[in-house]
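Just below is one structure, and these are the notes that go with it.
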Amino acid sequence: QVQLVESGGGLVQAGGSLRLSCAASGLTFSNYAMAWFRQTPGKEREFVATISGRFGSTDYADSAKCRFTISRDNAKNTVYLQMNSLKPEDTAVYYCASRSTSIRSTLKNAYAYWGQGTQVTVSS
């Protein structure tokens, strides 16, 4: 079965950087679009970034543009989220997601597979 395992979360000061990783198994990784979402208590899970499966084209939430970069290494079955210039409002649980098509999507309901999440806390 498909498994997604996130890592790389933690506590960082405002202005700092973190790189999240998501290791995937049980799927033909290069054929699957991948994404990162995040969620804070009491709020809906929100889109952060997505990358297509075939050509690696990307899309970002406005809040992530110019600060975050999504990338993938198909040889390692891993997707990354490089987060720079972090702000306290970036504090959330970050989730990796995949869908069984190479076409990327910003919609939460488009993704069938989810990781368990990794906590990112940005202190002011």
* Kindly indicate, with the supporting measurements, whether the criterion side chain to side chain contact (heavy atoms under 4.5 Å, CB included) is fulfilled by Ser102 and Tyr32. => CA-CA 5 Å; Ser102 63; Tyr32 280 47; over 6 Å; no
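- Using modelled atom types, no side-chain atom of Ser63 and backbone atom of Ala61 make a donor-acceptor pair closer than 3.5 Å.
- A salt bridge (charged side-chain N to carboxylate O under 4.0 Å, His left out) check over residues 108-124, counting only residues at least two apart or in different chains, returns the pairs Glu44-Lys108.
- Atom NZ of Lys87 is separated from atom OG of Ser124 by 14.0 Å, given to the nearest 0.5 angstrom.
- To the nearest 0.5 Å, the span separating CZ on Arg67 from OG on Ser85 amounts to 7.0 Å.
- Heavy-atom minimum distance, Thr121 versus Gln119: OG1-NE2, 3.3 Å.
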Ignoring hydrogens and angles, write down the donor-acceptor pairs under 3.5 Å from the side chains of residues 49-56, residues two or more places apart or on other chains.
residue: Thr50; atom: OG1; partner: Met34; partner atom: O; Å: 3.0
residue: Thr50; atom: OG1; partner: Tyr111; partner atom: OH; Å: 2.9
residue: Ser52; atom: OG; partner: Gly56; partner atom: N; Å: 3.1
residue: Ser52; atom: OG; partner: Ser57; partner atom: N; Å: 2.9
residue: Ser52; atom: OG; partner: Ser57; partner atom: OG; Å: 3.1

* Dump the intermediate steps for side chain to side chain contact (heavy atoms under 4.5 Å, CB included) on Leu81 and Val48, then the final yes or no. => CA-CA 9 Å; Leu81 184 68; Val48 177; 4.1 Å; yes
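- Residues Val93 and Phe37 fail the side-chain proximity criterion, which asks for heavy atoms closer than 4.5 Å.
- Note that CD1 of Ile70 and SG of Cys96 are 8.0 Å apart. Values are rounded to the nearest 0.5 Å.
- Between Trp36 and Phe47, the ring center distance fails the sub-6.0 Å criterion.
- Legend: ring pair (Phe, Tyr, Trp, His ring centres under 6.0 Å) pairs involving residues 74-95, not counting sequence neighbours: none detected.
- The heavy-atom pair separating Val79 from Ser71 by the smallest distance is CG2-O, 3.1 Å.
- Between Arg99 atom CZ and Leu107 atom CG the span is 8.0 Å, to the nearest 0.5 Å.
- By the salt bridge (charged side-chain N to carboxylate O under 4.0 Å, His left out) test, Lys65 is found to be paired with Asp62, residues two or more places apart in sequence or in another chain being considered.
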* Thr106 and Asp59: side chain to side chain contact (heavy atoms under 4.5 Å, CB included), yes or no, with the steps? -> CA-CA 8 Å; Thr106 64; Asp59 197 5; 3.5 Å; yes
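- Within the 3.5 Å criterion, the main-chain N or O of Gln116 finds a donor-acceptor partner in the side chain of Glu6.
- Remark: Arg72 is positioned above the aromatic ring of Phe29, its terminal NZ or CZ atom under 6.0 angstrom from the ring centre and at most 45 degrees off the axis.
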N/O donor-acceptor pairs under 3.5 Å from side chains in residues 7-20, not counting sequence neighbours:
residue: Ser17; atom: OG; partner: Asn84; partner atom: OD1; Å: 2.9

* To do: Using the side chain to side chain contact (heavy atoms under 4.5 Å, CB included) rule, take Val5 and Cys22 through it: C-alpha gap first, then chi angles, then the decisive distance, then the call.
  => CA-CA 5 Å; Val5 180; Cys22 172; over 6 Å; no
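- Legend: salt bridge (charged side-chain N to carboxylate O under 4.0 Å, His left out) pairs involving residues 33-42, not counting sequence neighbours, sorted by first then second residue: Arg38-Glu46, Arg38-Asp90.
- Within the 4.5 Å cutoff, the side chain of Ser98 has heavy atoms near those of the Val2 side chain.
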